[in-house]
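In this text, all values refer to a predicted model and were calculated from it rather than measured experimentally.
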Amino acid sequence: VHERIRNRRHNFIHQESRKIVNEFGLIVVEQLNVKNMSKAPAPKPDPDNAGQYLPNGASQKAGLNKSILDASWSMFRSAVAYKAENAGRKFLEVNPAYTSQDCHSCGYRAKKKLSDRWHLCPKCGTSLDRDRNAAINILSLGIQRLGANP
């Protein structure tokens, strides 16, 4: 069963990465450290009770970790990168800092919680999905970087 799941995951990754490389000449992704993102949260000692620990959200984090690892983000990024290189496409990784908080229209930085899924800029009124706003910012960073290093 696990071998079949692995084979399906690999097949999906290769098919989708090929579609992306065939369609786009410039591919820009966030430079994510998946290994650190999937670490268990550190225990929080209780300052009032020595030897006791406060809840740290480990069970919720475990579910997120499983989803991150199951999606094989690193493997997908690697597949896109090597296929892009072989096809003569540009593949760039950019720093993900503030990409979902900065407004792509005016640059205003609006702090958000992870649960806030909509970007509504209080400065210019731009309104769109948070992930789409981040994607536009990531592409813009890639284009800026490409312009600096053609």
Side-chain angles (χ1 to χ4, degrees), residues 2 4-44 53-150:
H2 291 288
R4 188 171 176 193
I5 292 169
R6 186 189 78 226
N7 290 342
R8 284 186 173 192
R9 180 180 298 121
H10 286 198
N11 184 49
F12 176 81
I13 285 170
H14 286 290
Q15 287 183 10
E16 293 304 311
S17 61
R18 174 53 55 200
K19 286 178 191 175
I20 289 170
V21 168
N22 286 347
E23 188 171 342
F24 302 103
L26 172 63
I27 302 161
V28 186
V29 298
E30 290 179 310
Q31 190 175 13
L32 299 175
N33 189 336
V34 177
K35 187 175 181 180
N36 285 346
M37 290 174 70
S38 59
K39 281 185 180 178
K44 296 180 182 177
Y53 293 93
L54 297 171
N56 65 353
S59 59
Q60 293 90 349
K61 182 73 170 99
L64 177 62
N65 292 350
K66 184 177 180 190
S67 294
I68 289 171
L69 296 173
D70 188 46
S72 299
W73 290 355
S74 294
M75 186 184 299
F76 184 74
R77 183 175 59 201
S78 296
V80 171
Y82 83 75
K83 287 179 183 180
E85 182 181 337
N86 289 341
R89 307 286 202 248
K90 292 278 187 184
F91 178 85
L92 300 172
E93 293 181 308
V94 297
N95 185 348
Y98 307 110
T99 53
S100 63
Q101 295 179 10
D102 291 349
C103 178
H104 79 276
S105 294
C106 68
Y108 179 79
R109 183 166 294 159
K111 298 288 183 187
K112 298 180 187 82
K113 292 185 267 181
L114 190 57
S115 60
D116 297 336
R117 303 310 308 159
W118 197 257
H119 172 78
L120 178 58
C121 181
K123 188 173 179 184
C124 71
T126 297
S127 177
L128 72 161
D129 182 76
R130 174 189 180 135
D131 293 336
R132 181 172 291 271
N133 180 63
I136 294 168
N137 285 332
I138 291 164
L139 179 60
S140 295
L141 288 171
I143 291 169
Q144 286 174 10
R145 194 168 134 206
L146 190 61
N149 294 327

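Here Arg109 pairs with Asp102 under the salt bridge (charged side-chain N to carboxylate O under 4.0 Å, His left out) rule; sequence neighbours left out. The salt bridge (charged side-chain N to carboxylate O under 4.0 Å, His left out) search around Asp116 returns none, not counting sequence neighbours. Evaluation of the side-chain contact (heavy atoms from CB on, under 4.5 Å) rule for Leu141 yields Val94, Thr99, Gln144 as partners, not counting sequence neighbours. Not counting sequence neighbours, the partners of Glu93 by the salt bridge (charged side-chain N to carboxylate O under 4.0 Å, His left out) test are Arg77. Applying the side-chain contact (heavy atoms from CB on, under 4.5 Å) rule to Ser127 yields the partners Trp118, Leu120; only residues at least two apart in sequence or on another chain are considered. Partners of Arg132 by salt bridge (charged side-chain N to carboxylate O under 4.0 Å, His left out), not counting sequence neighbours: none found.
Separation of atoms CG (Asp131) and CD1 (Ile136) is listed at 11.0 Å; rounding is to 0.5 Å.
Environment of CZ in Phe12: sparse, with no more than 12 heavy atoms of neighbouring residues, nucleotides or ligands closer than 6.0 Å. Counting heavy-atom neighbours within 6.0 Å of Glu85 CD, excluding the residue itself, gives a total of 12 or less.
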Take Cys121 and Ser105 through the test side-chain contact (heavy atoms from CB on, under 4.5 Å) and record every step on the way to the result.
CA-CA 9 Å; Cys121 181; Ser105 294; over 6 Å; no

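Considering only heavy atoms from C-beta on, Cys124 stays 4.5 Å or farther from Tyr108 through its side chain. Residues Phe76 and Val29 have side chains not in contact (no heavy-atom distance under 4.5 Å, counting atoms from C-beta outward). Proximity of Arg4 to Arg8: side-chain heavy atoms (C-beta onward) are separated by under 4.5 Å at one or more points. Taking the side chain as every heavy atom from C-beta outward, Lys83 and Arg89 never approach each other to under 4.5 Å. Residues Lys111 and Tyr98 form a side-chain contact, since some pair of their non-hydrogen atoms from C-beta on lies under 4.5 Å apart. Side-chain contact between Val28 and Ile143 is absent, with no heavy-atom pair separated by less than 4.5 Å.
Here the closest heavy-atom approach between residue Val21 and residue Val80 is recorded as CG2-O, 3.8 Å. Looking at every heavy atom in both residues, Leu92 comes nearest to Gly142 through CD1-O, 3.4 Å. The shortest heavy-atom contact between His119 and Ser100 is ND1-O, 4.4 Å.
The main-chain N or O of Leu128 is never found under 3.5 Å from a side-chain atom of Asn133 such that the two would form a donor-acceptor pair.
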